[in-house]
Amino acid sequence: MRMSRMLLKTLREAPADAELPSHVLLLRAGLIKGLAAGLYSFTPLGWRVFRRLEAIIRDEMDASGAQEVHLPALHPIELWEQSGRAAQMGDTLFQLTDRREHGFALGPTHEEVVSDLAGRMIQSYRDLPVTLYQIQTKFRDEQRPRGGLVRLREFTMKDAYSFDTGWDTLDVSYQRAFDAYVRIFKRAGVPVIPVAADSGAIGGKDSQEFIYLTPNGEDEILLCPSCGYAANAEKADFRRPPAIAAEPQPTERVATPGQRTIADLAVFLGVEPRQTAKAVFYRADGKPVFVAIRGDLDVNETKLKNVLKARELEPMDDAMVRNAGLVAGSAGPVGLSDMLVVADASAVEAANLVAGANEADVHIRNVNHGRDWTAEVVADIALARGGDACPVCGAALEVRRGIEMGHVFKLGTIYSEAMGVQYLDDEGGRHPAVMGCYGIGVERMLAACIEANHDSNGIIWPVEVTPYDVHVVALNLEQEAVGAALEAVEAELAAAGLSALVDDRGESAGVKFKDADLLGMPVRITVSPRALEKGGVEVRDRRNGVTEIVRADDAVATVRALLTAAAAGRAPKD
RNA sequence: CGGGGUGUAGCUCAGCCUGGUUAGAGCGCGCGCUUUGGGAGCGCGAGGCCCCCGGUUCGAAUCCGGGCACCCCGACCA
């Protein structure tokens, strides 16, 4: 491809509204153009990269035995009502009506549609197991699109769904998908770690996310440096610091003027935070919920939401707090009525806690569960934090941030039951298929690929992702010798099956070199009078900038060697 | 949806506080000449509903009110 003919504009300066390195480079290299919040167009060069990522995904999915399908992006709303997710997705679901006033949704994901297809086609255990996948556009009316390609309203997902006769064979399908993901991210040059993840209110069993660790990420991950335990903060467990054991003592009211936070209260009364009870009030699907947890811990709202099987969980507003007879700063579980009380195990096990008296500036000492108050629900609803003890080995957990690249998830029979995916076993018995689902965000993967593969000059494409294998810079192209050498190099590259982007523009040498670095092809060849004088063409490794002059005849072999070394992850020679 | 910020040329921004000529710069773009090893030089030129609507005023990019858009931080997800 000749650059003089390509629709491509590189930017010398970064647009002001881009912050992430990947976003800046995507725009500066002219790979994407914004249309509106969370919506981007791909340029010819950007689309080439996108399609190479798709090709890697397709290749590995096919190799894993999955079969590609193509499902509609436009879904009858009934399908979403049938699964119950129209309500669950809420405003995230883009909805519209056709000319007959029938409701439709733009698919945010495809469990419903694929289940409908599978339900119509799967009849017997002989049809199972089967894994279907597609690479499809998804639509989500996100609360906040952000980070260039990191969080979009229209994006491409590779989504796969496995159907099995039972949980045991689902384990096999799940592992196959997992292994395919490991290979996909490796080939795409995106370093990821699998972490235990929340499976949501819908339930399901194992769920793991593939996370690209970066300070720019939106997810909080807890990692154990000692044993390798890794979990999304929503899911993470930890060993709580032990409570102080003691015999229950009689309760005692105590004046605590102005002591509204756990920290203040603990100092005021001369106790440790873990000797207090923290009270937090929520609305779960509109209903008031009182949550008690030991004072040194925080509530994990995801865990709480799951325990309550709530669709929506939000802090109570002030009016609701007053109506419930609660006093913020001095709230406690003693004497509450007309409200669901949920407690973390920590608040139940600990003896003689200090708790609010539901009266301004008054607390109660020596509050004990079972004697002074009772929780209807006792569960693990505590939030793991950096420094907490690893649930596996006890070492201090570290907090990192990351971007979710993919998610693998054992769904079970939730959708097969709702959507009617059933099979007959060898005795004629009818059962719902056991499902798994597996997603990868393709644009997000492209963003992470750039985050992980760039330097201050621009992108450094992994060999399997690069839009062209070689960037050929021609200088003084008007000189006959240069023109001839360029044509020879182009012909040899083509004959060797290597793709090339050829800078034949009338720009100055500096502009061409800067653009070559920015655009990030792994190898650059310079065809110029100076190189010809030295006996050939110049070949340069983008990774370290090292150049060598080789005979034009040897250019292809040299390029090959550099690409192979880069693909193998071998250190560039210097 | 809560908090913060920004809307002036394709991009980065000045001008706004303290209203007053034809609204500016750099980069980019077009033409000509010159130039070709790290975003070159000279000359000429095109390009603006100053986000939108309303108000104040003799007069608004500038002051006031109301919208909208975009970005960042939080609650949600691939």
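Excluded from the calculations below are hydrogen atoms, water molecules and symmetry mates; all remaining heavy atoms, backbone and side chain alike, are included. A note on names: the letters A, B, ... follow the listed sequences, proteins ahead of strands, and every chain is numbered from 1.
Note on A:Gly458: nothing from the nucleic acid sits closer than 4.0 angstrom, heavy atoms only. A:Thr526 comes within contact range of at least one nucleobase, with a heavy-atom separation under 4.0 Å. If you check every strand for non-hydrogen atoms under 4.0 Å, A:Glu538 touches a base.
Look at A:Arg12 and you'll find a side-chain N or O under 4.0 angstrom from OP1 or OP2 of B:G28. Dashed line: the shortest gap from a side-chain N or O of A:Ser508 to OP1 or OP2 of B:U36 is not under 4.0 Å.
Residue ring and nucleobase are stacked for A:Phe155 and B:A78, with a centre distance beneath 5.5 angstrom and an angle between planes beneath 30°.
With B:G37, B:U12, B:C77 as the candidates, the nucleotide lying closest to the side chain of A:Pro15 is B:U12. You'll find that the side chain of A:Glu19 is closest to B:C72, out of B:C70, B:C72, B:U36.
Taking the six-membered ring where tryptophan is involved, the planes of A:Tyr438 and A:Tyr181 are perpendicular, since the angle between them exceeds 60° and thus also 30°. Ring-plane geometry between A:Phe210 and A:Phe178 is classed as tilted, the angle between the planes lying from 30 to 60 degrees on a 0 to 90 degree scale.
Nucleotides B:G65 and B:G74 are separated by 30 Å at their C1' atoms, to the nearest Å. Taking atom C1' on both B:G41 and B:U34, the two are 7 Å apart, rounded to the nearest angstrom.
Here the options are A:Arg176, A:Arg187, A:Lys158, the test is salt bridge (Lys or Arg N to Asp or Glu O under 4.0 Å), and the partner is A:Glu60; only A:Arg187 passes.
Pair check for B:C29 finds B:G45; Watson-Crick or G-U wobble, both atom distances under 3.5 Å.
A donor-acceptor pair shorter than 3.5 Å can be found between the side chains of A:Asp504 and A:Ser4.
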